[in-house]
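Inspection log for the structure reproduced underneath, given as structure tokens.
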Amino acid sequence: MGRAFLAMVRRDLRLTMRHQGDMVTLLVFFLIVTSLFPLAIGPELEVLRMIAPGIVWVAALLASMLALERLFGQDFADGTLEQLCLSSWPLSLLVLAKIVTHWLVTGLPLVVMAPIVGLQYGLPGGALWVLFISLLLGTPALSAIGAIGAALTLGLRGGGALVSLLILPLVIPVLIFGAGAVEADSSGLGGEGHLYLLTAMTLVALFFAPLAAAVALRISLE
């Protein structure tokens with residue numbers, strides 16, 4: 001099964017590299033959204049430091065959602081998805097591979113860029129580190145939960161908007177504990193508890209989301 005998993009990841013990465021413009025658009029969107037707030041609010045460092053974790057996390061969520069429509073859409077359009085459903089490999093394993101690929105091309109670049117973005121808000125070094133760790137632990141959950149929404153809305157008109165409506169309520173705990181970890185660290189309370197809970201939510205999402213998305217895909221293809 002490991003070979004099938006790696007083969008699917010490599011295949012999706014190659015396909016993504018053929019559409020690098022999508023990845024660049026996502027990163028530019030993230031930079032623009034996070035850069036607009038300091039311009040609109042002003043140079044008050046205390047205010048910027050207070051709102052920075054929430055803004056960066058919300059921007060990361062919105063940027064991650066931009067690529068969800070392509071998670072299964074291309075394979076659905078050319079018939080590859082039907083072949084994957086008929087293969088001997090567990091569909092949930094192949095879905096997990098797609099979730100991992102989605103995180104590698106969307107979540108990981110956002111994680112790397114987050115500390116740079118945090119400098120605009122005057123975050124100290126410790127808070128930047130916690131912001132980096134919180135995004136590293138939490139963004140895989142965004143990809144996993146997003147896969148469920150993408151599978152449920154596959155082939156529907158206006159699927160992009162429906163995905164947002166479906167997954168936004170589900171990712172609220174991830175946003176709360178992700179941004180909360182930075183705020184707790186900045187206030188001196190320590191963000192370890194938030195990071196532990198964030199890790200637990202990501203592990204649960206990575207276990208159950210592929211199963212749920214696989215069922216949703218079979219229903220969508222019927």
Side-chain angles (χ1 to χ4, degrees), residues 12 22 26 29-30 33-34 51 53-73 75-76 81 90-111 114 130-184 191 193-221:
D12 283 355
D22 294 341
L26 181 150
F29 173 83
F30 179 70
V33 171
T34 52
I51 64 174
I55 290 174
V56 174
W57 260 95
V58 170
L61 168 64
L62 297 177
S64 176
M65 288 173 56
L66 289 178
L68 281 178
E69 201 169 1
R70 293 182 57 84
L71 187 60
F72 304 114
D75 288 342
F76 176 70
L81 194 57
L91 183 57
S92 58
L93 178 71
L94 302 179
V95 171
L96 178 61
K98 286 187 166 293
I99 292 172
V100 170
T101 306
H102 179 269
W103 181 77
L104 288 175
V105 299
T106 60
L108 186 57
L110 299 179
V111 172
V130 176
L131 178 64
F132 174 82
I133 294 296
S134 68
L135 286 166
L136 185 65
L137 295 175
T139 47
L142 301 182
S143 296
I145 296 171
I148 301 175
L152 286 171
T153 59
L154 187 65
L156 298 180
R157 182 177 297 177
L162 285 175
V163 169
S164 305
L165 294 175
L166 285 173
I167 71 168
L168 282 178
L170 299 177
V171 298
I172 287 176
V174 179
L175 292 179
I176 291 174
F177 287 104
V182 184
E183 293 170 359
H194 292 74
L195 294 177
Y196 290 145
L197 287 170
L198 202 57
T199 304
M201 283 188 280
T202 295
L203 292 176
V204 171
L206 289 176
F207 181 81
F208 287 106
L211 300 173
V215 173
L217 286 176
R218 294 190 187 280
I219 293 174
S220 297
L221 291 174

Decide yes or no for Leu81 and Leu154: does some side-chain heavy atom of the first lie under 4.5 Å from some side-chain heavy atom of the second? yes
Hey, what do you get for CG (Asp12) to CG (Leu104), rounding to the nearest 0.5 Å? 10.5 Å
Could you list the residues that satisfy ring-ring contact (aromatic ring centres under 6.0 Å, His included) with Phe132, not counting sequence neighbours? Trp129
When you look at CZ of Phe29, are more than 12 heavy atoms from neighbouring residues, nucleotides or ligands closer to it than 6.0 Å? yes
Of the non-hydrogen atoms in Leu206 and Ala144, which two are nearest, and what is the gap between them? CD2-CB, 4.0 Å
Looking only at heavy atoms, the pair that brings Pro210 and Ile99 closest together is CG-CD1, 4.0 Å
Given side chain to side chain contact (heavy atoms under 4.5 Å, CB included), test Leu110 with Leu26 step by step and report yes or no. CA-CA 9 Å; Leu110 299 179; Leu26 181 150; 3.9 Å; yes
If you apply the rule side chain to side chain contact (heavy atoms under 4.5 Å, CB included), what do you find for Leu142 with Trp57, and how did you get there? CA-CA 11 Å; Leu142 301 182; Trp57 260 95; 4.2 Å; yes
Taking Thr202 for the side chain and Leu137 for the main chain, is one N or O donor matched with an acceptor at less than 3.5 Å? yes
Of all the heavy-atom pairs spanning Leu91 and Ala214, show the shortest one and how long it is. CD2-O, 3.7 Å
One should read off an interatomic distance between Phe72 CZ and His102 NE2, to the nearest 0.5 angstrom, of 9.5 Å
Closest contact, heavy atoms only, Ser143 versus Ser64: OG-OG, 4.4 Å
Trace of the side chain to side chain contact (heavy atoms under 4.5 Å, CB included) decision for Leu68 with Thr153: CA-CA 11 Å; Leu68 281 178; Thr153 59; over 6 Å; no
Determine whether Phe30 and Leu62 satisfy the following criterion, side chain to side chain contact (heavy atoms under 4.5 Å, CB included), listing intermediate values before the conclusion. CA-CA 8 Å; Phe30 179 70; Leu62 297 177; over 6 Å; no
How many angstroms lie between atom CG of Leu170 and atom CG of Leu166, to the nearest 0.5 angstrom? 8.0 Å
Does the side chain of Ile167 reach to within under 4.5 Å of the side chain of Ile148, using non-hydrogen atoms? no
If you take all heavy atoms of His194 and Phe177, which pair is closest and at what distance? CB-O, 3.5 Å
Roughly how far, to the nearest 0.5 Å, is the CZ atom of Phe208 from the OG atom of Ser92? 12.5 Å
Taking every heavy atom of Ile133 against every heavy atom of Leu195, the minimum-distance pair comes out as CG2-CD1, 4.0 Å
Do the side chains of Leu152 and Leu217 get nearer than 4.5 Å, heavy atoms only? no
Do Leu198 and Met201 come close enough that some side-chain heavy atom pair is under 4.5 Å? yes
